[in-house]
There are 2 protein chains.
Amino acid sequence: MEPPAIKSRNTRQRAVILDILRQTKAHPTAEGIYHEARKTLPNISLGTVYRNLNFLRGQGLAREIRPHNESSSRFDCNSHPHAHFHCRQCNGMTDLPLPPSLGASDWEKERVSRVDFVDLLVLGSCAGCAPQPGPQN
Amino acid sequence: MEPPAIKSRNTRQRAVILDILRQTKAHPTAEGIYHEARKTLPNISLGTVYRNLNFLRGQGLAREIRPHNESSSRFDCNSHPHAHFHCRQCNGMTDLPLPPSLGASDWEKERVSRVDFVDLLVLGSCAGCAPQPGPQN
DNA sequence: GTAATTGCAAAAGATTTGCCCCATT
DNA sequence: AATGGGGCAAATCTTTTGCAATTAC
């Protein structure tokens, strides 16, 4: 039988928010999405942005990332499993492929029974910020 | 020459907080540490707990973990690189070894210049909560 | 017409901070 | 005695929520 199919409406606000997410790779915060959305919908409220981000997250259409050194969550709408890289110098965040070894569930079987989700965040410096790679450079 | 050596005092509060972290594997929240500390120091304040956790973090003696489905950070004082597993059923959090492939810096060299820290959080069910492993079980 | 969704503003929750006093050094 | 750190309370910041009005269906 079909899943209960959550009732939802295609509001302009929701479409604009999803569109913003789809057109950026910057992993914006709710506030950032709000400011961007205001360009199209000058009356949209921050609460609506949060509500829609939560809705989209529930639908599997958006993902929330919690940075280490920033107090606000960031969001993206890349639904393929992936990791994130956060440059501590320019604060830029980019997607990273998830290492294959993490896809397989080769975790300690004694304590982990089932893996639902793998959240991997790498902190460091991006190529633009630290042109000469090397330890302690 | 010696590093500037941050001035700090061995207060009873700081010692108690560090002790609590060292004696548990539960990855408690600041609030949890606060309640535990009150058993020894009935007048300790939550602000002091936060200030000390931040201090210890700065010293590399404590680590902050931001769970996915809980609004409060959790803390541990295991200074060896490691990952975390969070059971979504019982909310228990345990340490996990960091897969060796993540220790090496075999990330996309084009965008990542230097890796400082790898934060890996695995979500799922622990053995106690889901005795029969298997997909969608 | 019905009810999901919005805007607004207030509330909630977590963490930080100012200030004055106390305790470690 | 000097000053880092504590207690308390207020402030800050992010996210959630109640409610009346709106709008997609």
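No experiment lies behind these values; they were computed from the predicted model shown. Letters A, B, ... are given to chains in the order of the sequence lines, protein chains preceding strands, and every chain is numbered from 1.
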*Enumerate the residues from residues 15-29 of chain A whose closest heavy atom to DNA chain C is under 4.0 Å, giving them by residue number; use none for an empty result.*
none

_For DNA chain C, the residues among residues 65-74 of chain B that have a non-hydrogen atom under 4.0 Å from it_ = B/S71, B/S72, B/S73

Quick one: list whatever passes salt bridge (Lys or Arg N to Asp or Glu O under 4.0 Å) with [X], sequence neighbours left out.
{"X": "B/R74", "answer": "B/E70"}
{"X": "B/E31", "answer": "none"}
{"X": "B/R63", "answer": "B/D119"}

Hey, does the side chain of [X] reach the backbone of [Y] with a donor-acceptor pair shorter than 3.5 angstrom?
{"X": "B/H27", "Y": "B/K25", "value": "yes"}
{"X": "A/S125", "Y": "B/R114", "value": "no"}
{"X": "B/R38", "Y": "B/I44", "value": "yes"}

_chain A contact limits on DNA chain C, taken 5' to 3' with a cut-off of 4.0 angstrom to heavy atoms_ = C/dT2 to C/dC8

*Taking the six-membered ring for Trp, are the ring centroids of A/H84 and A/H82 within less than 6.0 Å of each other?*
yes

*Atom-pair distance (CD on A/E31; P on D/dT12), nearest Å*: 16 Å

*To the nearest Å, how far apart are B/Y50 OH and D/dC13 P?*
16 Å

*Any residue meeting side chain to side chain donor-acceptor pair (under 3.5 Å) with A/T94, in chain and number order, not counting sequence neighbours*: none

*Not counting sequence neighbours, which residues clear side chain to side chain donor-acceptor pair (under 3.5 Å) with A/R14? List them please.*
A/N52

_My understanding is that only residues two or more places apart in sequence, or in another chain, count here; which of them pass ring pair (Phe, Tyr, Trp, His ring centres under 6.0 Å) with B/H35?_
none

*Please list, chain by chain and in numerical order, all residues satisfying ring pair (Phe, Tyr, Trp, His ring centres under 6.0 Å) with A/F55, sequence neighbours excluded.*
none

_Strictly under 4.0 angstrom, non-hydrogen atoms only: write out the protein contact profile of nucleotides 3-9 of chain D, one letter per nucleotide from the 5' end, B, S or -._
BBSSBB-

*Please tell me if the side chains of A/S73 and A/L53 come closer than 4.5 Å, counting only heavy atoms from C-beta onward.*
no

*How about A/F75 and A/P28: do any of their side-chain heavy atoms sit closer than 4.5 Å?*
no

*With axes from five pairs an end, tell me the bend angle of the helix from C/dG1-D/dC25 to C/dT25-D/dA1, nearest 10°.*
40°

*Heavy-atom count around A/R57 CZ within 6.0 Å, excluding the residue itself: above 12?*
yes

*Check step by step if side-chain hydrogen bond (donor to acceptor under 3.5 Å, both in side chains) holds for B/T48 and B/Q13.*
CA-CA 8 Å; B/T48 293; B/Q13 288 85 342; over 6 Å; no

